[in-house]
Amino acid sequence: MSRVLDCFIMLLFFFCPLGEQLGTTPNIRDIVVGRCYNYMTLVNPGVRYDCEDIWMHFETAIFRQPSCNVTAEDYHQMFHYMTQDWPCHRSLFWSKTRPLMHSYAAVMPHLWTLEDTLVGFMFNDLIWCRQQDDTDFDFGACPDWSACENHPVYSLWRQASQNFAETACGNITVLLNGSISNAFSKRSMFGSVELDSLDPQRVHYVNIHVVASLMGPQIESCSQGSVVDLIRILQMRGFRWTCTDNDQMLMTLQCIQSQASCSLTNLKSMLLH
Ligand SMILES: *[C@@H]1O[C@H](CO)[C@@H](O)[C@H](O)[C@H]1NC(C)=O
Ligand SMILES: *[C@@H]1O[C@H](CO)[C@@H](O)[C@H](O)[C@H]1NC(C)=O
Ligand SMILES: *[C@@H]1O[C@H](CO)[C@@H](O)[C@H](O)[C@H]1NC(C)=O
């Protein structure tokens, strides 16, 4: 998912590392249409999309409404031209574990995140909004995330996340952060949109990984904190599930990823917890 969206979610709890007044990403049209051609030519050859058509429906969705009034429904037409199927046992969901998710997805190439879908690939890290009184992008400034009921960027990711979860089938993987309280947050995209869109008839197992940062702290686990709430919700809805704390491969990946020295003793003590 996008860093922009991370920022939105972080804003609800902590702070936003991006400036609040960033405008629409410059050259957004070339970037979006270019990524679309890139996706169908190089990333996922074999799929066919009408990139210009997608762009047209994107613009229509943005320009129809004032910036704070773009709902997920406004993007329905656009999503209609971006439908995509993917095989079962591949979907990777995550919350507040973005860097780890990236290295995990790199070593487990069969796993797909939202960023690997066409819409995720095309709009990752971009910002957009309409000018106040004109049907053009506002490149100067976009409304504050928190000031908007229906922010155009948030609404797109909300719909994309819903579609991604609805299509998930077979075993799915969920990566949660054991070093924070509310590892499973009902206000995150996973907790507020994706979880509700998963279908227990299609999903065989929800395999949860709770992973603490290498240097700790270990605040939540499969048997502690909000993860327990998640498991209760899954059980209530008839999902089968597994939950693993500090999976060895995920800890080793963090070790490899960390610039600081990562002693074997550290790793062992983490794994023994
Ligand atoms: C916002 O969208 C709703 C539903 O599409 C519409 O009824 C309302 O008039 C819009 N508000 C503004 C200020 O455009
Ligand atoms: C957990 O969240 C903290 C705070 O956002 C972050 O610094 C850390 O890298 C995350 N840990 C993992 C394993 O993703
Ligand atoms: C699905 O997950 C369950 C529980 O972890 C596991 O036993 C099974 O082998 C998995 N199936 C596939 C196809 O990965």
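Both ligands and their constituent atoms are indexed starting at 1 by order of listing. We're numbering straight along the sequence, starting at 1. None of these values were measured; they are calculated from a predicted model.
At a cut-off of 3.5 Å, with distance as the only test, a side-chain donor of N44 or Y39 sits close to an acceptor on the other residue. Side-chain polar atoms of Q65 and N150 form no donor-acceptor pair below 3.5 angstrom. Using modelled atom types, one finds a donor on one side chain and an acceptor on the other under 3.5 Å when comparing N207 with T242.
The ligand atoms of ligand 3 that sit less than 4.0 angstrom from a heavy atom of N207 are 2 (O), 4 (C), 5 (O). Per-residue contacts place I180 under 4.0 angstrom from the following atoms of ligand 2 (heavy atoms of the residue considered): 2 (O). Close contacts of ligand 3 with T242, meaning ligand atoms under 4.0 Å from a residue heavy atom, involve 4 (C), 5 (O). Numbered from 1 in the order shown, with element, the atoms of ligand 3 that lie under 4.0 Å from a heavy atom of H89 read 13 (C).
Between the choices T97, V211, L253, the shortest heavy-atom distance to atom 14 (O) of ligand 2 belongs to T97.
For ligand 2, the polar-atom distance check against S213 finds a nitrogen or oxygen pair separated by under 3.5 Å. At least one N/O-N/O distance between N171 and ligand 3 falls below 3.5 Å. Residue N177 has at least one N or O atom closer than 3.5 Å to an N or O atom of ligand 2.
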**OP:** Would you please test R237 and D196 for salt bridge (charged side-chain N to carboxylate O under 4.0 Å, His left out) and show each step?
**Re:** CA-CA 10 Å; R237 298 190 185 163; D196 292 336; 3.1 Å; yes
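Centroid-to-centroid, the aromatic rings of W128 and F58 come within less than 6.0 Å.
Checking atom 9 (O) of ligand 3 against the protein gives no heavy-atom contact under 4.0 Å. In this structure, atom 5 (O) of ligand 3 has a protein heavy-atom contact shorter than 4.0 Å.
Under 4.0 Å is where a charged nitrogen must lie from a carboxylate oxygen, and between E73 and R158 no such pair does.
Proximity of Q254 to ligand 2 is established by a heavy-atom distance of less than 4.0 Å.
Partner of M189 under the side chain to side chain contact (heavy atoms under 4.5 Å, CB included) criterion, out of F164, W94, Y154: Y154 alone.
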